[in-house]
Amino acid sequence: MKAPARLALYGAGLVVAFGGAFGLAGIAVPDSAVQTWTEESEMDAHNGGADEMSTHSEGQHESGGMAGHDHAPDGGAPPEGIEAAADPTYPVGTTVRLTADHMPGMDGAEATISGAFTTTTYSVSYTPTTGGEPVHNHKWVVHEELQNPGPASLANGTTVVLQADHMTGMSGAKARIDSSTQETVYMVDLKTDGMTMTNHKWVVESEIQPVR
C-alpha cells in the first residue's frame, strides 16, 4: 500500500477512535447531568456564602449589635433631660482604658471622657427597623433614649420603643430590656480599629479602668 493511502487510513482510524471516545463520554456523563451538577455547585456556593455572612452578623450582634463600625463617628450631644453626674470617678477630660468589647478594637483602647451622667442604663434586644438579624444584648441605651418610658428604672423584660440612633435601624425599633444598671454612664472619645469616634455612647463605670 502506498504511503498516502496508509496515511489516509491512519487518519480515518483516529477520527473513528476519538469519535467513539467522545460518544462514550456522552453516554457515561449526559449533558443533563453536567448541567445539574453545575447548578447544584453554584447553589451550594451561594448558600455557603450566605451562611458565612449570617454567622458573622450574628456574632457581632451577640457582642453588642455592632455590625462592624455601624456606629456613627460622631455620637452627637447627650439626650435631652439626662442629668450630669455631680462627682464622677472619671471627670470630663480624663484619659482612661476601656474594658468593654462593644465593637472591634474597643477592649483595651485608651479613651477620653467626654461626658459623665447619672441615669438608668439598659441592655436591650431589638430587630432593626431596616430589617436583618435581631440584635441581642445591645449595650447600652439610657432611660432618656426611650420613648415615653415613665419613671426609671424599668423591669427586665419590659417592651420599649427606642429613640436612640446609635446604629442604623435602631431609632423607632421595638425592644426588650435585658438588664439595667445604676452605674455612672459615660460618653467617650476614642480611636478603635482605625476609626476615630467622638461622644461614643455608652460605657458604664465597670467597663472603665484608670490608665496606669
Side-chain angles (χ1 to χ4, degrees), residues 57-67 70-72 75-92 94 96-104 106-109 111-130 132-190 192 197-210:
S57 298
E58 287 171 5
Q60 289 178 334
H61 292 157
E62 287 292 343
S63 65
M66 283 299 306
D70 197 19
H71 289 74
E80 186 176 349
I82 195 170
E83 180 182 351
D87 186 23
T89 304
Y90 305 103
V92 172
T94 304
V96 297
R97 190 172 305 282
L98 304 180
T99 60
D101 60 353
H102 304 170
M103 65 180 64
M106 190 176 201
D107 189 6
T112 302
I113 301 296
S114 57
F117 305 92
T118 299
T119 186
T120 302
T121 306
Y122 302 99
S123 169
V124 297
S125 296
Y126 68 96
T127 299
T129 59
T130 50
E133 294 292 327
V135 177
H136 301 290
N137 197 32
H138 172 80
K139 297 178 180 177
W140 301 92
V141 296
V142 296
H143 194 78
E144 290 76 13
E145 292 176 316
L146 306 179
Q147 185 180 96
N148 302 320
S153 63
L154 301 178
N156 295 352
T158 302
T159 299
V160 295
V161 175
L162 304 177
Q163 290 185 322
D165 58 355
H166 306 168
M167 301 194 304
T168 303
M170 191 175 195
S171 182
K174 186 177 291 186
R176 184 192 70 246
I177 292 176
D178 296 321
S179 63
S180 64
T181 177
Q182 302 297 323
E183 300 172 70
T184 301
V185 65
Y186 296 87
M187 294 192 309
V188 294
D189 298 342
L190 73 155
T192 174
M197 307 185 74
T198 57
N199 289 348
H200 171 74
K201 304 183 180 73
W202 303 89
V203 291
V204 295
E205 190 155 311
S206 60
E207 298 174 322
I208 298 174
Q209 294 180 345

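By convention here, the first residue in the shown sequence is residue 1.
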Problem - H143, H138, K139 screened by side-chain contact (heavy atoms from CB on, under 4.5 Å) with V141, the one that passes - result: H138
Handout entry: Heavy-atom pair of closest approach, residues V92 and A116
Key = CG2-N, 4.5 Å
Practice task
Measure from the side-chain N and O atoms of R97 to the backbone N and O of G108, and report whether any donor-acceptor pair falls under 3.5 Å.
Solution key: yes
Handout entry: Note, V135 side chain near P128 side chain (heavy atom, < 4.5 Å)
Key = yes
Problem - Within-4.5 Å side-chain heavy-atom neighbours: Y122 and L162 - result: no
Problem - Under 3.5 Å donor-acceptor, N199 side chain and A77 backbone - result: no
Exercise for the section: Go through the side-chain N and O atoms of Q163 and S171 and say whether any donor and acceptor fall under 3.5 Å apart. Expected result: no
Exercise for the section: Answer yes or no: is there a donor N or O on one side and an acceptor on the other, between the side chain of S114 and the main chain of M187, under 3.5 Å? Expected result: yes
Exercise for the section: Please report the C-alpha distance between Y186 and L98 in whole Å, then the side-chain angles of each, then the deciding distance to 0.1 Å, and finally whether the side chain to side chain contact (heavy atoms under 4.5 Å, CB included) criterion is met. Expected result: CA-CA 11 Å; Y186 296 87; L98 304 180; over 6 Å; no
Handout entry: Test item: T192 side-chain N/O and P104 main-chain N/O as donor-acceptor pair under 3.5 Å
Key = yes
Fill in the blank from the handout: What one should report as the nearest heavy-atom pair of T129 and G172 is CG2-C, 3.8 Å
Problem - T120 versus S180, closest heavy-atom pair with distance - result: CG2-CB, 4.0 Å
Exercise for the section: Calculate, to the nearest 0.5 Å, the distance between atoms CG and CE belonging to D101 and M106 respectively. Expected result: 9.0 Å
Practice task
Indicate whether any N or O donor in one side chain lies under 3.5 Å from an N or O acceptor in the other, for W140 and E183.
Solution key: no
Completion exercise
Here the gap from L146 atom CG to L154 atom CG, rounded to the nearest 0.5 Å, amounts to 6.5 Å
Exercise for the section: Could you check E145, E83, E144, Q182 and say which one makes a side chain to side chain donor-acceptor pair (under 3.5 Å) with T119? Expected result: E144
Problem - Distance (rounded to the nearest 0.5 Å) between M170 CE and Y126 OH - result: 4.5 Å
Problem - Nearest-0.5 Å distance, CG of residue L190 to OG1 of residue T112 - result: 9.0 Å
Practice task
Kindly determine whether I208 and I113 satisfy side chain to side chain contact (heavy atoms under 4.5 Å, CB included), including the steps that lead there.
Solution key: CA-CA 10 Å; I208 298 174; I113 301 296; 4.1 Å; yes
Problem - Rounded distance [0.5 Å steps], OG1 in T121 versus CD in E205 - result: 11.0 Å
Completion exercise
When every non-hydrogen atom of D178 is compared with those of S125, the smallest separation belongs to OD2-OG, 2.6 Å
Problem - CD-OG1 distance between E207 and T99, expressed to the nearest 0.5 angstrom - result: 6.0 Å
Practice task
Mind telling me whether H102 and H200 have parallel, tilted or perpendicular rings, with 30° and 60° as the class edges?
Solution key: tilted
Handout entry: P79 versus V142, closest heavy-atom pair with distance
Key = CG-CG2, 3.9 Å
Exercise for the section: Compute whether any side-chain donor of one residue and acceptor of the other, for S123 and N137, lie under 3.5 angstrom apart. Expected result: yes
Completion exercise
Nearest heavy-atom approach of P78 to K201 is CA-CE, 4.0 Å
